[in-house]
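Notes for the one structure printed next.
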Amino acid sequence: MDFLRKSIWTGLSSLAFAAYSFITNKLFSVYFGPQGVTLLAHFQNLIALFTTLTNEGINRGLIKIFANENITQKEWNNAFSYGLALTFGSFLLILCLLFSLSFTFYDDFPPLMFTPLNLSWLILSVLMHMLALLFISLLMAMQHIRAFTLLNILNNGIGIILVYIGLQKGLITSLLYLAISPASMLVIILIYYLRANHERISKYRSNFDSPAFKQIVQFVFTALSSVALSRLVDFFVRSYLIKTFNVHQTGLWQAVAKISDGYTSVFSAAIGILIFTKVSSYVAEPKKLKAFIRKSLAFTFFITGIGLLAIYIYRVELLTLFYNKEFVEGSYLVGYLLLGDWLKFPSWIFGFVLQANMKTKTFIATQFASAFIYLILLWIFIPMLGLEAMPLAHFIRFVCYLSIVMWLSRKWFV
């Protein structure tokens with residue numbers, strides 16, 4: 001019952017994000033057409049190269065540590081110190097990586113995107129975004145679900161306003177305003193967290209002993225695989241599509257893919273974090289873990305199956321609603337994409353099990369295998385099928401990936 005109640009609150013947060021995503025996509029499609037949707041997705045992917053490492057690596061590690069109510073102040077100091085240090089360190093690492101690779105994607109964006117002023121704006125926005133995600137995750141670890149939800153709803157509301165204002169000033173400005181919008185609540189989030197955790201904060205002393213680092217860094221390595229083999233692959237595959245197909249065709253695929261990204265984000269925010277937190281808390285109780293995994297799988301297959309079937313039935317209407325009639329041409333790309341996503345969600349649960357049980361190397365290996373399969377499939381299918389290769393490769397990828405992680409996690413749920 002407690003899990004359901006918390007799911008409702010996080011579900012409200014997810015609905016706010018979904019509304020933000022819907023309105024943003026709609027505005028970009030109306031103002032700039034398929035080109036706008038393509039550049040929107042490419043720009044968001046660029047930012048996600050930074051935030052994925054924070055959210056799925058450092059923050060997951062901190063949640064696992066801080067979820068322990070009996071944690072000592074010294075252990076808390078240790079984890080908090082490394083959380084901040086690793087957040088700044090990962091920001092600098094990815095910044096250097098992207099600067100070194102910028103020649104490969106510079107021409108994908110309008111030249112004005114990378115003027116010194118705009119680049120400074122973008123870099124500062126990304127850093128603030130990463131810090132906001134850090135403290136939002138710490139609220140989740142404290143089980144302040146209601147505050148987490150209300151702050152996210154307010155943040156998304158401010159984001160919509162900023163994006164709309166930016167659109168009046170052109171494509172570049174709208175993208176830059178989009179970058180700053182997730183960080184617009186950073187000060188309020190910090191104030192709330194400092195008040196909610198006043199006792200711990202007042203006793204905080206910088207501490208860099210090794211125990212917390214060893215726990216967090218395993219999640220960082222896991223997230224690095226997600227960044228390098230998921231977000232990075234997506235980014236450069238899209239860059240390849242922009243160069244191979246015309247902007248209109250790439251925009252059709254991107255419109256379909258962004259609908260997938262939208263409900264994927266809803267699932268991750270509403271249920272994914274809660275499932276991961278529960279799995280982490282049951283690591284030392286095998287019977288409870290098995291029961292929870294089975295219930296989570298049944299729930300996930302059922303709920304996502306109904307939702308994805310509805311999306312397939314109303315795919316034409318949804319493409320018109322989310323974008324405009326110009327994007328209905330891409331409806332033929334929906335089918336295999338949805339089938340792949342239906343298998344993707346339960347595969348995450350098995351991934352959570354591997355991460356919570358500190359099978360970091362194993363989990364990273366599955367990420368490498370998944371990316372390798374996907375790229376090989378694209379290399380084979382694109383010359384034969386053109387753009388239709390994208391959803392088909394996505395489906396086959398998750399057939400393989402789910403089979404792999406299910407087999408590797410079998411002792412925790414069979």
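Basis for what follows: all heavy atoms, side chains included, without hydrogens, waters or symmetry-related copies.
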Derivation of the side chain to side chain contact (heavy atoms under 4.5 Å, CB included) call for Q254 and L241: CA-CA 10 Å; Q254 201 54 67; L241 294 179; 6.0 Å; no
Stepwise side chain to side chain contact (heavy atoms under 4.5 Å, CB included) test for F50 and L95: CA-CA 8 Å; F50 291 89; L95 188 63; 4.1 Å; yes
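- For the pair W121 (side chain) and L176 (backbone), a donor-acceptor distance under 3.5 Å is present.
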Steps toward side chain to side chain contact (heavy atoms under 4.5 Å, CB included) verdict (I58, S90): CA-CA 9 Å; I58 299 164; S90 64; 3.8 Å; yes
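- F28 is listed as a side-chain neighbour of L171, based on a closest heavy-atom distance under 4.5 Å.
- Side-chain polar atoms of T115 and N118 form a donor-acceptor pair below 3.5 angstrom.
- Between F80 and Y193, the two ring planes are parallel [angle under 30°; tilted spans 30° to 60°].
- With rounding to the nearest 0.5 Å, the separation of CD1 in I349 from CZ in R294 is 13.5 Å.
- Although no hydrogens or angles enter the test, the distance criterion places no donor-acceptor pair under 3.5 Å between the side chain of T173 and the main chain of G170.
- The minimum heavy-atom distance linking V353 with V279 is given by the pair CA-CG1, 4.0 Å.
- For F368, the CZ atom counts as loosely surrounded, since its 6.0 Å shell holds 12 or fewer non-hydrogen atoms of other residues, nucleotides or ligands.
- Side-chain atoms of E326 do not come within 3.5 Å of backbone N or O of P34 as any donor-acceptor pair.
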Test log, rule side chain to side chain contact (heavy atoms under 4.5 Å, CB included), inputs V405 and F363: CA-CA 8 Å; V405 292; F363 180 77; 5.6 Å; no
Check against ring-ring contact (aromatic ring centres under 6.0 Å, His included), W342 and F301: CA-CA 7 Å; W342 192 53; F301 269 119; 5.2 Å; yes
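- Looking at every heavy atom in both residues, P391 comes nearest to L387 through CD-O, 3.6 Å.
- At a cut-off of 3.5 Å, with distance as the only test, no side-chain donor of R315 or S331 sits close to an acceptor on the other residue.
- In this structure, CZ in F109 is found 11.5 Å from OG in S102, a value given to the nearest 0.5 Å.
- Donor-acceptor pairing under 3.5 Å is lacking for the side chains of Y20 and N155.
- Counting all heavy atoms, side chain and backbone alike, R397 lies closest to L377 at N-CD1, 4.0 Å.
- At distances below 3.5 Å, not a single donor-acceptor pair connects side-chain atoms of S409 with backbone N or O atoms of M406.
- Note: T54 OG1 to F88 CZ = 10.5 Å, rounded to the nearest 0.5 Å.
- Across all their heavy atoms, K258 and V37 have their closest contact at CD-CG1, 4.1 Å.
- Side-chain atoms of S174 do not come within 3.5 Å of backbone N or O of L167 as any donor-acceptor pair.
- Under a cut-off of 6.0 angstrom, the local environment of NZ in K344 is crowded, with over 12 non-hydrogen atoms contributed by other residues, nucleotides or ligands.
- At a threshold of 4.0 Å, the pair D108-K243 counts as salt-bridged, since one of the basic side-chain nitrogens sits closer than that to a carboxylate oxygen.
- Side-chain contact between F245 and W253 is absent, with no heavy-atom pair separated by less than 4.5 Å.
- Side-chain contact check for L84 versus L134: some heavy-atom pair is nearer than 4.5 Å.
- The number of heavy-atom neighbours closer than 6.0 Å to OH of Y312, taken from other residues, nucleotides and ligands shown, is 12 or below.
- Judged purely by atom type and a 3.5 angstrom limit, K26 uses its side chain to pair as donor or acceptor with the backbone of Y323.
- Atoms CG and CG, on L46 and L232 in that order, are 10.5 Å from each other to the nearest 0.5 Å.
- For the atom pair CD1 of I189 and CG of L194, the computed distance is 11.5 Å after rounding to the nearest 0.5 Å.
- Pairing each heavy atom of L402 with each of P346, the nearest pair is CD1-C, 4.2 Å.
- Checked options L339, D341, L333; the residue passing with H394 is D341 (criterion: side chain to side chain contact (heavy atoms under 4.5 Å, CB included)).
- Using a 3.5 Å distance cut-off with no hydrogens or angles, the side chains of R238 and T250 do not pair a donor with an acceptor.
- Between W348 and F352, the angle of the ring planes lies from 30° to 60°, which puts this pair in the tilted group.
- Residues P110 and I172 are in side-chain contact: their nearest non-hydrogen atoms beyond the backbone lie under 4.5 Å apart.
- In this structure, the side chains of L49 and L97 stay at 4.5 Å or more apart for every pair of heavy atoms.
- Within a 6.0 Å sphere centred on OH of Y240, other residues, nucleotides and ligands contribute 12 heavy atoms or fewer.
- Ring orientation note: the planes of F235 and H42 are close to parallel, at an angle under 30° on the 30°/60° scale.
- Looking at Y177 and Q168, their side chains never bring a donor and an acceptor atom within 3.5 Å of each other.
- Residues F327 and A255 come closest through the heavy atom pair CD2-CB, 3.5 Å.
- Distance alone, capped at 3.5 Å, places no donor-acceptor pair between the N78 side chain and the K74 backbone.
- Side-chain contact of T72 with E75: a donor-acceptor pair under 3.5 Å is present, judged by distance alone.
- The 12-atom threshold is not exceeded at OH of Y336, counting heavy atoms of other residues, nucleotides or ligands nearer than 6.0 Å.
- Judged by distance alone, the side chain of S403 and the main-chain N or O of V399 form a donor-acceptor pair under 3.5 Å.
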